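Notes to accompany the following structure.
Small disclaimer: the values here were computed from a predicted structure and weren't measured.
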Amino acid sequence: MRRLRAACLAALMVVTGALVAVATASPAQAAPVICEKFGSTSIQNGTYIVQNNVWGADTAQCIDVNQNGGFTVTQANHNKATNGAPAAYPSIFRGCHWTNCSTNSNMPIQVSQISSATSSISVTYPGSGTWNAAYDIWLDPTPRTDGQNGAELMIWLNRQGSIQPIGSPVGNVNIAGRNWE
């Protein structure tokens with residue numbers, strides 16, 4: 001349990017919310033709208049990066065970035081089967097994602113060097129479509145900036161439609177007054 005707690009703590013610092021969110025904030029004023037397949041921009045003085053990341057489809061997707069810390073998916077024309085890889089993974093991250101690194105993040109950092117880590121998230125979900133909103137934490141045994149080859153902890157916050165995580169449920173746990181499958 002102590003090792004898991006340390007790993008989660010480290011991961012929170014490594015990627016403070018590689019958030020797969022359909023929406024986390026109101027559309028920004030004069031902030032960028034990203035429609036490029038792998039387009040991104042930095043926010044909060046370079047501490048975080050917002051990325052469109054349409055890696056599993058060739059269909060259009062646009063996100064409206066809020067410079068204070070969020071994005072809204074404004075267009076997503078994907079029509080993929082729900083039993084395979086996702087069409088897109090728009091996210092906000094701190095640290096590095098395949099050589100795209102935030103500045104002012106002090107990442108990567110060794111688990112033993114983390115004394116505390118806090119994180120918060122606010123998500124607004126659409127009422128239709130097929131999607132999931134998740135919080136990813138990545139751990140890697142090496143201080144790499146060119147990809148993720150370590151362990152991934154993905155926490156599904158919500159989902160809509162027939163989409164589901166890979167595998168089968170193995171149990172339930174109650175954390176901070178909420179039940180998680």
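The cluster map of Ile, Leu, Val, Met, Phe, Trp and Tyr, joined by side-chain heavy atoms under 4.5 Å apart, puts Y89 and I163 in the same cluster. Linking Ile, Leu, Val, Met, Phe, Trp and Tyr whenever their side-chain heavy atoms come within less than 4.5 Å leaves I63 and V54 in two separate clusters. Both V123 and W180 belong to a single network of hydrophobic side chains, linked directly or stepwise wherever heavy atoms of I, L, V, M, F, W or Y lie under 4.5 Å apart.
Within the model, atoms CG of N172 and CG of N179 stand 4.5 Å from one another, a figure rounded to the nearest 0.5 Å. Here OG of S42 is found 12.5 Å from CD1 of I92. Values are rounded to the nearest 0.5 Å. Atoms CH2 and CZ, on W138 and R144 in that order, are 11.0 Å from each other to the nearest 0.5 Å. The distance from the CG atom of N106 to the CD1 atom of I114 is 11.0 Å, given to the nearest 0.5 Å. The structure places CZ of F93 at 9.0 Å from CG of N53, a figure rounded to the nearest 0.5 Å. Between the CG atom of N132 and the CD atom of Q160 there is a distance of 11.5 Å, given to the nearest 0.5 Å.
For the residue pair T130 and T82, no side-chain donor N or O sits within less than 3.5 Å of a side-chain acceptor on the partner.
Nearest heavy atoms, I34 versus V50: CD1-O, 4.1 Å. Nearest heavy atoms, A60 versus H78: O-CE1, 3.7 Å. Contact between I121 and Y135 at its shortest, heavy atoms only, is CD1-CD1, 4.1 Å. In terms of heavy atoms, P90 sits closest to V73 at CG-CG2, 4.3 Å. Closest approach of S40 and I49 over heavy atoms only: CB-CG2, 3.8 Å. When all heavy atoms are compared, the tightest approach of K80 to A85 is CE-O, 3.4 Å.
Partners of K37 under the side chain to side chain donor-acceptor pair (under 3.5 Å) rule, at least two apart in sequence or in another chain, are D58.
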Next on the checklist: Run the side chain to side chain contact (heavy atoms under 4.5 Å, CB included) test on F71 and V33 for me, step by step, so that the C-alpha distance in whole Å, both residues' side-chain angles and the decisive distance to 0.1 Å come before the verdict.
Outcome noted: CA-CA 9 Å; F71 66 87; V33 173; over 6 Å; no
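When atom types are taken as modelled, the side chain of N77 and the backbone of T59 share no donor-acceptor pair closer than 3.5 angstrom. Here the side chain of R159 pairs a donor or acceptor atom with the backbone of G161 at under 3.5 angstrom. For N104 (side chain) and N45 (main-chain N/O), a donor-acceptor pair under 3.5 Å exists by modelled atom type. Side-chain atoms of N52 come within 3.5 Å of backbone atoms of Q61 as a donor-acceptor pair (strictly under, hydrogens ignored). Checked by atom type and distance alone, the side chain of S102 pairs as donor or acceptor with a backbone atom of T47 at under 3.5 Å.
Proximity of W55 to P86: side-chain heavy atoms (C-beta onward) are separated by under 4.5 Å at one or more points.
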